[in-house]
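The first residue of the sequence shown is numbered 1, and numbering continues consecutively from there. This structure is a prediction, so every number in the text was calculated from the model and none was measured.
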Amino acid sequence: MRLKPQDDSLKLAGASQGASSSVELSAHAPSALSQQTQAGYVSLVGTPIGNLSDMSPRAVSVLKGADVLLCEDTRVTSKLLNHFDIHTKLIRADENVLPEKIPAILMRLAAGEHIALVSDAGMPGVSDPGQVLADAALNANYRVEVIPGPSAVLSALAASGFAMSNFYFEGFLPRKTSALRKRLHVLARIPATLVIYESPHRVLQTLQELAEEFAHVRCALVRELTKIHEDCMRDTIEDLIVRLQAAEHVRPLRGECVLVVECTPERARECLDNLERMDTHVARTLEDAIAEGLQHHISPSALAKQLAHEFDISKSSVYNKIIAISM
C-alpha cells in the first residue's frame, strides 16, 4: 500500500519548522571513533505499553523536536501525541510500506532532518518493522539513538519471578500447526527461559502445544502489563490449561498476553547435555562413515560430496576430515 496524498511528505523537502529544536536536541555529537558523520539522525523512541504515565519526559521532548515521526498506525499514535500536546508530522510506516520508503527517508536524513520512529507500543525494532530503518540508517552512516521506554519482554520476565540469567525472546510463534510444532521442538532444546508473545484467543491452543514439548514445566501467563487489570497466572503448563478452560466459560481471556516458560538450572543442564551428546554422536557417526568409505576405496572428493549431503554439513568440512583421517 502507498501513502494517502495528505501523508506523502516523504518527498525531499527543506527542513520543517521543527528543525531548530531538532538541532538543539542533537547537541550531543557522535563519538570521534564513530564513522557516522552525517547531520541527520534517527531516534527510536520507546512508548507506553498500556499506561501513559510511563512516557518519559525525554521521549516527549524528542518527539516534539523531530522533523517527522514515523509510526505503525497513525490513529494509535495520534492519541499519544494529543495526550502530550505533540504536533510533529505523522507518517505511516508499518511493515507493509516501510521498506519502500527507506530511500526517501535516507534523502531526508541527507538533508539534515531528525527522523523519529515509534511503534504502536513499546520499543521500536522489537517484533515490529523498526529494525529495517535502523539497519538502513546505520549502513548509510547515519546516527541512530535509542530513547528507552517500557518493554513487554523485560516486564513480563520480571513479573514471572523466574530465573532470567539467560532468556530467549521468541516473539510470535508460527500460526500453522505444523510450523508451530517444528518451532517448539527447537525451542525446547534451548537452555534458557523463553518469552513468547501471543494473542488472547490463541493462548489456550499455544499452551496445549507447549505441553507436548515442555511437560510439567512452569509457565507464567502475563496479561495487561502496566494497566489496571495487570495479571500474572503462574503454574505448570498443564495446570494453566485446566485453569484457563475453567475460566473460559465465565470470562473469556482478554488483553495482550506474554508467555514466560521457565528454564530451571536442572532443565538447562539437561539441554546442554543433550546438545553435547548430539555433537558426539554426529562426530562419531561421521568418522565411521568416512572410515567405511575409505575401505571401499571411494575417492575423497566423491566421499565428501556424498557425506556432506547425508549429514547436512559443508563439503569442505567433510573433505578436510577425510584427509585428516586418511593421513
Side-chain angles (χ1 to χ4, degrees), residues 3 6-32 34-49 51-94 97-98 101-126 128-151:
L3 284 177
Q6 62 266 32
D7 287 332
D8 195 14
S9 59
L10 276 176
K11 295 178 181 178
L12 183 60
S16 69
Q17 293 179 351
S20 60
S21 57
S22 173
V23 172
E24 183 179 339
L25 284 167
S26 61
H28 48 290
S31 165
S34 174
Q35 296 180 351
Q36 299 155 0
T37 58
Q38 304 286 1
Y41 67 103
V42 174
S43 295
L44 306 179
V45 184
T47 57
I49 57 177
N51 192 321
L52 288 175
S53 298
D54 293 332
M55 185 75 167
S56 73
R58 184 185 176 203
V60 173
S61 178
V62 168
L63 294 185
K64 286 184 176 181
D67 293 304
V68 67
L69 174 55
L70 307 180
C71 64
E72 292 184 273
D73 189 329
T74 56
R75 296 165 298 182
V76 172
T77 304
S78 290
K79 296 176 182 178
L80 180 74
L81 300 193
N82 290 336
H83 183 84
F84 291 100
D85 195 29
I86 300 171
H87 304 285
T88 304
K89 174 64 179 178
L90 271 180
I91 295 177
R92 174 176 161 242
D94 60 26
V97 298
L98 181 56
K101 293 181 184 297
I102 293 298
I105 294 172
L106 294 179
M107 290 177 68
R108 297 193 72 133
L109 290 171
E113 293 195 17
H114 174 196
I115 308 292
L117 173 72
V118 299
S119 62
D120 284 347
M123 282 302 305
V126 181
D128 76 29
Q131 174 269 331
V132 176
L133 174 59
D135 184 49
L138 290 169
N139 285 340
N141 288 331
Y142 291 104
R143 182 163 61 93
V144 175
E145 68 173 9
V146 175
I147 314 301
S151 165

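Considering all non-hydrogen atoms of both residues, Leu90 and Leu81 come closest at CG-CD1, 3.7 Å. Minimum heavy-atom separation, Leu117 to Gly130: CD2-CA, 3.4 Å. What you find for Leu63 and Ala116 is that their closest heavy atoms are CD2-CB, 4.0 Å. Scanning all heavy atoms of the two residues, the minimum distance from Pro148 to Arg58 falls at CD-NH1, 3.8 Å. Minimum interatomic distance between Ser43 and Ile147 (heavy atoms only, all atoms of both residues): CB-CG1, 4.5 Å. The two residues Thr47 and Ala121 come nearest to each other via the heavy atoms OG1-CA, 3.7 Å.
Taking OG1 of Thr74 as the start and NZ of Lys79 as the end, the distance is 11.0 Å to the nearest 0.5 Å. The structure places NE2 of His114 at 12.0 Å from CZ of Arg108, a figure rounded to the nearest 0.5 Å. Going from atom CG of Leu70 over to atom OG of Ser119 covers 12.0 Å, rounded to the nearest 0.5 Å.
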- Dump the intermediate steps for side chain to side chain contact (heavy atoms under 4.5 Å, CB included) on Leu109 and Glu113, then the final yes or no. CA-CA 5 Å; Leu109 290 171; Glu113 293 195 17; 5.7 Å; no
- Glu145/Val42 under side chain to side chain contact (heavy atoms under 4.5 Å, CB included): CA gap, chis, key distance, verdict: CA-CA 6 Å; Glu145 68 173 9; Val42 174; over 6 Å; no
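Using a 4.5 Å heavy-atom threshold, the side chains of Leu69 and Val118 count as touching. By the 4.5 Å heavy-atom criterion applied to side chains, Ile115 and Asp67 are not counted as neighbours. By the 4.5 Å heavy-atom criterion applied to side chains, Ile105 and Leu98 are counted as neighbours. By the 4.5 Å heavy-atom criterion applied to side chains, Asp73 and Asp94 are not counted as neighbours. Using a 4.5 Å cut-off on side-chain heavy atoms (C-beta onward), Met55 and Pro150 make no contact.
Distance alone, capped at 3.5 Å, places no donor-acceptor pair between the Asp135 side chain and the Gln131 backbone.
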